[in-house]
Amino acid sequence: MDDAAPCPWLKVEVHPAGDRQVVVAYGDIDVDTEAILQRALREALDHSVSGVNLDLGAVGFCDCAGLNVLLRMRRHALAHGKTLAVQATGPATGKLLTITGTLSLFDVTAGPGTRAKGRNPLPPEPHDPSRVDHIDGTGRGRDGTDLETDGTIDGTVVDLRIEVGQLRRAMQTRPVIDLARGVLMASFGLSAEDAWTVLVTVSQHTNTKLHQIAEDLVNTVQGAPLPEPLQRQLAEAVMPFSRVRNAGA
């Protein structure tokens, strides 16, 4: 981990358990925090012998951004002869894994480990007729989807389906972030990269989600006032880039 200030929305702890590493997450997993979880999982996988057991029992929110991380790290683990197993879930993560049909991909039986106390074990996966061959024994679902031998949807197909969900979320949050970058570029003469850095810096220093910062900035174009704490942090974040620009003038 680097020396940056701890993220206020997600905390990750890692400890060894035999030939595996146990990763415990606390907080929210979304577009603002997915990189933290991915980095922790990748490092834990690299330092493990057989893989990682992930404890999501203390995660209060997880969307498709978080699930995408799990799927990417599962592929990374398998590519190195290891496994990524979810050993415990909370209500939010259990529901997400269940309704997306990905629960069996992270079965805790994929590797040894000790479930953290106070966490819910993986919930039973509900029966889904579309995921089992009832017709001709061809190994395909009713929609023609290829199934694995255990009746689960092939991991690649699942990944593509989750990618769609991630894209939908991106369509909701990305436009306002891009607009906010445009406001900063026009107001302070910043490059696109510098404007992004300013947004991230203000988000970290104010403990405010990135998309909320972006919304506040975009609203100023229509005359809405910018909260005073946000004004101060924005001025401080922009100042280094203004000095560089003035020095090169």
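We're numbering straight along the sequence, starting at 1.
Under the 4.5 Å side-chain heavy-atom criterion for ILVMFWY residues, no single connected hydrophobic cluster contains both Trp9 and Phe61. Both Leu179 and Ile177 sit in one connected hydrophobic cluster of ILVMFWY residues. Membership requires side-chain heavy atoms under 4.5 Å apart, directly or through other members. Hydrophobic clustering (ILVMFWY, side-chain heavy atoms < 4.5 Å, transitive): Leu217 and Met185 are in distinct clusters. Put simply, Val176 and Val183 are part of two different groups of oily side chains (I, L, V, M, F, W, Y) that touch within less than 4.5 Å, one to the next.
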*Stepwise side-chain contact (heavy atoms from CB on, under 4.5 Å) test for Leu184 and Trp196*: CA-CA 9 Å; Leu184 292 175; Trp196 172 255; over 6 Å; no
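Closest heavy-atom contact between Val59 and Ala92: O-CB, 4.4 Å. Between Ala65 and Val31, the shortest heavy-atom contact is CB-N, 3.7 Å. Across all non-hydrogen atoms, the minimal contact from Ala58 to Ala25 is CB-O, 3.6 Å. When all heavy atoms of Thr83 and Leu45 are compared, the pair lying nearest together is O-CD2, 4.0 Å.
Two residues are said to be in side-chain contact when any heavy atoms from C-beta on lie closer than 4.5 Å; Thr201 and Gln233 fail this criterion. Using a 4.5 Å heavy-atom threshold, the side chains of Leu41 and Val69 count as touching. Between Asp194 and Phe188, the closest side-chain pair of non-hydrogen atoms is not below 4.5 Å. When side chains are defined from C-beta on, His76 does not count as touching Leu84, because their heavy atoms never get closer than 4.5 Å. Using a 4.5 Å heavy-atom cutoff, the side chains of Val202 and Thr208 are not in contact. The side-chain heavy atoms of Phe106 and Leu71, taken from C-beta on, include a pair separated by under 4.5 Å. For the pair Leu54/Met73, no side-chain contact is recorded, criterion being any heavy-atom separation below 4.5 Å from C-beta on. Put simply, the side chain of Glu34 reaches to within 4.5 Å of the side chain of Arg72, judged on heavy atoms.
Of the possible polar contacts, none joining the Thr102 side chain to the Leu105 backbone as a donor-acceptor pair under 3.5 Å is found. Between the side chain of Thr93 and the main chain of Thr89, no donor-acceptor pair closer than 3.5 Å is present. Side-chain N or O atoms of Ser50 include none that pairs as donor or acceptor with a backbone N or O of Lys82 at under 3.5 Å. At distances below 3.5 Å, at least one donor-acceptor pair connects side-chain atoms of Arg181 with backbone N or O atoms of Ala192. Within the 3.5 Å criterion, the main-chain N or O of Leu226 finds a donor-acceptor partner in the side chain of Gln231.
Between the CG atom of Leu37 and the OG1 atom of Thr33 there is a distance of 7.5 Å, given to the nearest 0.5 Å. For the atom pair CG of Asp19 and OG of Ser48, the computed distance is 8.0 Å after rounding to the nearest 0.5 Å. Asp63 contributes atom CG, which lies 9.0 Å from atom CD1 of Ile29 (distance to the nearest 0.5 angstrom).
A salt bridge links Arg232 with Glu228: the distance from a Lys NZ or Arg NE/NH1/NH2 to an Asp or Glu carboxylate oxygen falls below 4.0 Å.
Legend: salt bridge (Lys or Arg N to Asp or Glu O under 4.0 Å) pairs involving residues 213-227, not counting sequence neighbours: none detected. Legend: salt bridge (Lys or Arg N to Asp or Glu O under 4.0 Å) pairs involving residues 197-206, not counting sequence neighbours: none detected.
Residue Ile213 is tested with Leu230, Val218, Val200, Leu234 for a side-chain contact (heavy atoms from CB on, under 4.5 Å); the sole match is Leu230.
Heavy-atom neighbours of Lys209 NZ from other residues, nucleotides or ligands within 6.0 Å: above the threshold of 12.
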